[in-house]
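On a predicted model such as this, the values are computed, not experimentally measured, just so you know. Proteins come first, then strands; the chains are lettered A, B, ... in the order of their sequence lines, and each starts at number 1.
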There are 2 protein chains.
Amino acid sequence: MKLLVIHRGFEPEMGKWSVVGGFLQADESPEDSAARILKQQTGLEGVYMQQLKAFGDPKRDPMERVLSITYFALIDIDQYTEQLSEEYNPEWFLLKERPELIFDHNKMVEAALKKIRYMAALHPVLFELLPEKFTLPHLQALYTAVYDFEFDKRNFSRKVLSANLLIKQKEKDKEGSKKGAYYYMLDKSQYKDKLQSFLNFVPSPNNFLL
Amino acid sequence: MKLLVIHRGFEPEMGKWSVVGGFLQADESPEDSAARILKQQTGLEGVYMQQLKAFGDPKRDPMERVLSITYFALIDIDQYTEQLSEEYNPEWFLLKERPELIFDHNKMVEAALKKIRYMAALHPVLFELLPEKFTLPHLQALYTAVYDFEFDKRNFSRKVLSANLLIKQKEKDKEGSKKGAYYYMLDKSQYKDKLQSFLNFVPSPNNFLL
DNA sequence: TCAAAAGTGTTCCAGATACACCCATGT
DNA sequence: ACATGGGTGTATCTGGAACACTTTTGA
């Protein structure tokens, strides 16, 4: 699980590591603004973003009063390698090894991680991240990355399949192993109904919501 | 379950029903601002508020560009009757029978209700709303109000008590019935630990998260 | 033939649900 | 005595958790 950061392009703290960010324009909604700024600074486009929280402490930027309405997105790095532009030197860091960020950006990242874990424990949002065809070991690796926890593959597959969201394919992925793992695809019709539903995708004794 | 609204005190839409709201001052955090405005317009003070969402559509206020960072709070009306001041004619409406609100304030209320139901299904947040001593029928009535759903009292009491958050008192409340219902108090020591924990306070077949 | 990853089944337990009767007491 | 609301117990079922062996096949 990685975090995309950029070298800040203006003062103060120019050149230091920062979350992607910029200024809202007069006729722009916050969502549109977030999408525009993301594209300008990283090249990424067509990414589904969610509003996280507004940060507004009067002293959070020591130079002037700034309010930040933050958004986060989850993407599969591999599906966006083409798009990533170099203009602001965006860089992926392992979340655990990320550099110190300016201002309150560390708090933002922590809050986003917490929200992602919360959401993903209850809703099948992580399924969307994978390529069209993916294997169960692949999906499990994703959950392991998000929760930093090893899931039991027997229980994992039973739980995931019981949601009836996946359709088993006939082909196997032979990349990861000699035996090969069956591909699955999302059942889009089921998916929309169940996205909001109330499933525990994470074993309960592990209280990830703290 | 009721909603507190005020008569808007300035143009545009002056005098119409509106959620409590005002303008952020230069040296004020959004939280402080929300608390100040709430106090000015309703007299309510010391109320725990939570950030909901920032609303920023460029056309949401037809006169000028306004961004709103919204907060919500849950209180027990009875515990705050003294505080409620009349300056802005604040008024409690049954949530289901609330009047039409200005701008996108209806959306705000819907979003807050959704978030409250979501939170309360997983965390014992509603317990905080009651007076220091309360009865199980009282608590159950609160859940009924929030979810607009009749809970089975046998299952309800079992579930609530199994969280080990409540301490049974020796006295009974004789207001509501002839037999009287035992008072309970929150176990504050347990409470902090379990507030974040991952309980299902609402029967699962009822999918309140939609 | 062996190493490496995939796939699968069973038992046990906790928690959820549905459901009905007795208790205490003020009138 | 009776009406009103409070309190409790049981059977059943579903879903979660723990756990180990067999299968496939490329090297």
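The CD-P distance, from B/Glu150 to C/dC19, rounds to 15 Å in whole Å. Distance CG (A/Asn155) to P (D/dA20): 13 Å, rounded to an integer number of Å. Between the CD atom of B/Gln169 and the P atom of D/dG6 there is a distance of 18 Å, rounded to whole Å. Note: CD (A/Glu175) to P (D/dG26) measures 13 Å, nearest angstrom. If you take CZ of B/Phe156 and P of C/dG15, they are 17 Å apart, rounded to a whole angstrom. For the pair B/Leu136 CG and D/dT8 C1', the interatomic distance rounds to 12 Å; values are reported in whole Å. Residue B/His138 contributes atom NE2, which lies 12 Å from atom P of D/dG6 at whole-angstrom precision.
Annotation: of the two residues near DNA chain D, B/Ser157 and A/Asp152, the 5′-most nearest-nucleotide partner is B/Ser157. Map B/Lys174 and B/Lys179 each onto its nearest nucleotide of DNA chain C; the residue landing nearer the 5' end is B/Lys179.
Regarding contacts with the backbone of D/dA17, a side-chain N or O of A/Lys159 is found under 4.0 angstrom from either OP1 or OP2.
With a 6.0 Å cutoff to the six-membered ring centre and a 45° limit on the axis angle, A/Lys53 counts as a cation-pi contact of A/Phe55.
Distance from the side chain of A/Ala181 is smallest to C/dA6 among C/dA6, C/dC19, D/dA18. Checking C/dA6, D/dG26, D/dG7 against the side-chain heavy atoms of B/Tyr182 singles out D/dG7 as nearest. Candidate nucleotides C/dA6, D/dG5, D/dT4 were compared by shortest atom distance to the side chain of B/Lys178, and D/dT4 ranks first. Picking from D/dA18, C/dG7, D/dT8 the nucleotide with the shortest atom distance to the side chain of B/Lys168 gives D/dT8.
Not less than 6.0 angstrom separates the ring centroid of A/Tyr184 from the ring centroid of A/Tyr182. The distance between the ring centers of A/Phe134 and A/Tyr183 does not fall below 6.0 angstrom.
At a cut-off of 3.5 angstrom, counting only N and O atoms as typed in the model, there is a donor on one side and an acceptor on the other between the side-chain of B/Arg158 and the base of D/dT10. For C/dA6, the base has a donor-acceptor partner in the side chain of A/Lys153 [N/O atoms by modelled type, under 3.5 angstrom]. On a pure distance criterion of 3.5 Å, a polar donor-acceptor pair joins the side chain of A/Arg154 and the base of D/dA20.
Looking at A/Tyr118 and B/Leu122, their side chains come closer than 4.5 Å, going by heavy atoms from C-beta outward.
Between A/Leu126 atom CG and A/Leu130 atom CG the span is 8.0 Å, to the nearest 0.5 Å.
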